[in-house]
Amino acid sequence: MISRSLPVRPLRAALSAAATALLTLTALAALPQTPAHAADTLGAAAAEKGRYFGAAVAASHLGEAQYAATLNTEFNSVTPENEMKWDAVERTRDSFTFGAADQIVNHALGRGMKVRGHTLVWHSQLPGWVAGLGATELRSAMNHHITQVMTHYKGKIHSWDVVNEAFQDGGSGARRSSPFQDKLGDGFIEEAFRTARAADPDAKLCYNDYNTDGVNAKSNAVYAMVRDFKARGVPIDCVGFQSHFNSASPVPSDYRANLQRFADLGVEVQITELDIEGSGTAQATNYGNVVRACLAVTRCTGITVWGIPDKYSWRASGTPLLFDDNYNKKPAYHAVLSALGGSTDPGGPGNPGATCTATYTTAEDWGSGYNGKVTITAGSSPISAWSVNVTMTPPQKVVAVWNGAAGWDTSGNVMTVRSTHNGTLQPGTSTTFGFTAQRNGTSTPPQLSACTAS
Ligand code: G2I
């Protein structure tokens with residue numbers, strides 16, 4: 001067993017050196033205005049980048065205290081997950097029921113959050129009576145539905161998914177068969193957008209779809225439609241990229257380029273239903289990449305994740321969201337916050353005497369890999385949270401972390417591990433976190449730095 005003790009340079013010393021350097025610098029040149037503290041929630045961090053960060057919300061969960069608290073603290077936009085769909089608001093022809101959707105809209109607007117409208121014209125969650133109509137009646141029912149729903153929410157919705165999932169999967173780039181497509185032809189999409197513009201001229205009107213996240217036959221077909229709409233003055237303002245990812249449908253390598261080519265048509269792009277199956281650092285890395293892709297595209301105006309805790313996801317078994325079933329922040333959460341430029345660094349003015357040290361030992365070693373154990377010890381003041389940087393030498397790779405929440409820097413070599421349930425320590429007492437690493441041919445042990453406490 002290797003046992004090494006690494007005293008970590010206290011943050012305060014580093015800060016005071018940095019402060020001296022900063023004072024010198026300020027005398028020489030005006031520094032850009034930056035907030036005193038990096039934002040420490042998803043919504044606040046996104047707002048500092050001029051974006052929203054939203055979640056799909058179910059009205060039935062709003063009464064759960066932790067659900068509402070997480071929503072209210074972390075997000076600044078909501079999308080009703082099912083409550084605005086046709087079968088929810090007009091199950092019977094011309095009889096509109098907005099109760100559950102109103103509950104979400106009122107919750108959000110009352111707390112300063114924005115609302116995305118989802119969705120007006122979609123082949124799924126469509127009541128049987130709509131599918132049974134002939135062409136003339138269907139056209140009139142579609143336009144009436146759009147007008148009634150948008151009028152009810154006029155002025156309250158920042159972006160509407162006017163038409164959802166109208167293109168087929170696969171290589172053809174064809175339209176999907178649906179009552180609208182089959183009876184009204186390609187023109188139903190254009191008609192829906194024109195009706196929507198008249199109903200609420202201030203709402204951004206989006207086309208929303210999945211498997212259009214990279215450059216492929218389906219996204220090419222949507223691209224051609226949007227280009228045609230822009231050329232002919234059909235009112236369209238945004239394209240939604242659902243971004244449901246898993247191992248069979250990973251984040252495409254040309255994700256950013258695809259967002260950018262749509263943006264170059266003169267529409268906003270929005271990431272509308274993001275979820276990525278997986279766990280740990282792999283999931284965190286994917287989430288960070290998606291956020292960085294959006295930030296790299298000026299017209300990418302916001303990101304919505306498709307749910308809050310894993311347990312309520314439509315793909316719950318794939319644990320695709322940012323919070324676990326108990327609302328703990330997952331590594332993916334920290335990766336998103338950090339990609340947004342926010343910080344969960346526990347250091348701050350609230351507990352100026354807080355310090356910690358970190359020591360490393362190798363707990364188990366099987367040659368090709370090992371389990372590392374890091375012991376965090378509070379200094380002479382009680383602390384309520386800690387964080388430590390662990391630098392790995394590539395191609396070593398961390399494959400699991402426990403009793404701490406890990407996020408990675410852009411190089412992929414520096415892991416910041418933050419306390420989860422184990423942040424509270426009395427002076428001089430300790431806690432540990434662990435991780436599993438694969439050596440991949442390199443024996444250099446992990447290096448610890450920057451134990452910070454608050
Ligand atoms: O399928 C994932 C999403 C793909 N893009 C459009 C989104 O609107 C869609 O959302 C999902 C909801 O997350 C699910 O919650 O849409 C599903 C239906 O297509 C929703 O599932 C439905 C269940 O199928 C119903 O049995 C259930 O009554 O949710 C309903 C309300 O809980």
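First listed ligand is number 1; within each ligand, the first listed atom is number 1. Sequential numbering from 1 along the given sequence is applied to the chain's residues. Heavy-atom basis, side chains included; hydrogens, waters and symmetry copies ignored. It should be emphasised that the depicted structure is a prediction, and the values quoted were computed from it without experimental measurement.
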Compare all side-chain heavy atoms of [X] with those of [Y] and state whether any distance is below 4.5 angstrom.
{"X": "Phe262", "Y": "Glu268", "value": "no"}
{"X": "His158", "Y": "Ser77", "value": "yes"}
{"X": "Ser317", "Y": "Asp310", "value": "no"}

(message) Tell me whether atom 7 (C) of ligand 1 lies less than 4.0 Å from at least one protein heavy-atom position.
(response) yes
(message) Quick check on atom 27 (C) of ligand 1 - does any protein heavy atom sit closer than 4.0 Å to it?
(response) no
To which protein heavy atom is [atom] closest, and what is the distance rounded to 0.1 Å?
{"atom": "atom 12 (C) of ligand 1", "value": "Glu81 OE2, 3.4 Å"}
{"atom": "atom 29 (O) of ligand 1", "value": "Asn82 ND2, 3.5 Å"}
{"atom": "atom 3 (C) of ligand 1", "value": "Glu273 OE1, 3.3 Å"}
{"atom": "atom 10 (O) of ligand 1", "value": "Trp306 NE1, 3.3 Å"}

(message) I'd like to know if Arg227 and Asp264 make a salt bridge, using a cut-off of under 4.0 Å between side-chain N and carboxylate O.
(response) no
(request) May I ask you to decide whether Glu273 forms a salt bridge with Arg116, counting only side-chain N to carboxylate O separations under 4.0 Å? (result) no
(request) Of the side chain and backbone of Asn164, name the one, both, or neither that has a heavy atom under 4.0 Å from an atom of ligand 1. (result) side chain
(message) I need the contact type for Tyr210 against ligand 1. Using non-hydrogen atoms and a strict under-4.0 Å cut-off, is it side chain, backbone, both or neither?
(response) neither
(request) Report yes or no: does a heavy atom of Arg315 sit under 4.0 Å from some atom of ligand 1? (result) no
